[in-house]
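Predicted model only: the values in this text are computed from it and were never measured.
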Amino acid sequence: MKRLGKKGFTLVELMVVIVIIGILVAIIVPSVTSAVNSAKKQSALADAKSQLTTWSIEVATAGSTTAQYFEGDDKTPLPLTEAEALRIAGEKVFMKNTELGDIVIENGTARWAEADEFPPDSGDYYEMKVDGNVITITKMTA
């Protein structure tokens with residue numbers, strides 16, 4: 001069909017283009033959102049592992065104000081040797097209530113805690129908290 005003297009698109013053509021763009025957006029947005037959430041989770045795990053490593057290095061430094069170790073409800077920081085700090089860092093350490101969920105760091109690997117894993121039913125465990133630039137690990141008893 002030949003158009004005489006008319007330039008531009010018809011309303012139907014514009015509607016078809018808008019529908020196609022809407023379909024493409026509907027396909028792409030969930031993928032991008034999923035990728036962003038996955039990146040945030042991986043970043044949180046890497047940060048937790050890095051913070052534990054920083055803690056294990058700093059806590060053995062005399063008078064460190066950025067890394068502290070406590071046992072139970074005692075509010076007095078306890079001194080640790082470098083060997084003790086590294087031993088604790090190798091144990092199962094929990095990081096509770098992060099923005100994305102609870103984290104477990106065990107044997108140098110960070111992962112998301114299972115629903116019923118934290119706090120443990122029995123025994124001692126370590127809980128890590130980060131407040132600003134102060135990293136605290138507390139030995140707790142279930």
Side-chain angles (χ1 to χ4, degrees), residues 1-78 80 82-142:
M1 192 151 103
K2 194 174 183 184
R3 291 192 233 175
L4 299 174
K6 291 187 176 183
K7 294 181 180 180
F9 299 103
T10 65
L11 182 60
V12 172
E13 291 171 329
L14 289 174
M15 292 297 287
V16 168
V17 170
I18 290 171
V19 167
I20 291 172
I21 290 172
I23 291 170
L24 290 175
V25 168
I27 292 171
I28 292 172
V29 167
S31 298
V32 171
T33 303
S34 175
V36 167
N37 288 340
S38 178
K40 282 182 182 179
K41 286 185 171 188
Q42 291 303 317
S43 176
L45 292 176
D47 287 348
K49 186 176 171 186
S50 174
Q51 289 163 343
L52 181 59
T53 302
T54 300
W55 176 86
S56 66
I57 293 168
E58 289 288 322
V59 76
T61 305
S64 174
T65 58
T66 59
Q68 299 174 342
Y69 174 73
F70 299 94
E71 288 192 3
D73 293 331
D74 186 9
K75 299 301 180 197
T76 305
L78 301 174
L80 290 177
E82 185 176 346
E84 290 170 324
L86 291 173
R87 181 191 59 75
I88 290 170
E91 298 280 331
K92 185 183 277 190
V93 177
F94 293 94
M95 190 168 180
K96 183 179 177 187
N97 294 331
T98 65
E99 182 179 321
L100 301 169
D102 297 339
I103 295 175
V104 177
I105 308 165
E106 187 173 21
N107 299 325
T109 303
R111 63 179 171 79
W112 296 103
E114 301 294 326
D116 59 349
E117 187 174 11
F118 182 77
D121 293 332
S122 63
D124 294 338
Y125 64 95
Y126 298 96
E127 186 176 335
M128 181 169 74
K129 293 181 183 174
V130 179
D131 184 16
N133 64 345
V134 177
I135 303 168
T136 303
I137 291 189
T138 305
K139 182 178 182 180
M140 307 293 280
T141 301

Are any of the side-chain heavy atoms of [X] and [Y] separated by less than 4.5 Å?
X	Y	result
E58	I135	no
V134	Q68	yes
Q42	L45	yes
E114	V104	no

Provide the closest heavy-atom pair for [X] versus [Y] in the form atom of the first, atom of the second, distance.
X	Y	value
A85	W55	O-CZ3, 3.6 Å
F70	P77	CE2-N, 3.4 Å
Y126	R87	OH-NH1, 3.6 Å
A44	I103	O-CD1, 3.8 Å
M128	I105	CE-CD1, 3.8 Å
A26	P30	O-CD, 3.1 Å

If you round to the nearest 0.5 Å, how far is [atom2] of [Y] from [atom1] of [X]?
X	Y	atom1	atom2	result
I88	I137	CD1	CD1	7.0 Å
D121	D116	CG	CG	7.5 Å
M140	D73	CE	CG	6.5 Å

Which pairs of donor and acceptor atoms, one on a side chain in residues 46-54, lie under 3.5 Å apart (sequence neighbours left out)?
| unit_1 | atom_1 | unit_2 | atom_2 | d |
| --- | --- | --- | --- | --- |
| K49 | NZ | G108 | O | 2.9 |
| T53 | OG1 | K49 | O | 3.0 |
| T54 | OG1 | S50 | O | 2.9 |

### Partners meeting salt bridge (Lys or Arg N to Asp or Glu O under 4.0 Å) with D124 (sequence neighbours left out)
K139
### Query
Got a sec: does the CG of D74 have more than 12 other heavy atoms crowding it under 6.0 Å?
yes
### Query
Counting heavy atoms not belonging to E106, are there more than 12 under 6.0 Å from its CD?
yes
### Query
Quick check: does any side chain N or O of W112 sit under 3.5 Å from a backbone N or O of D102, one acting as donor and the other as acceptor?
no
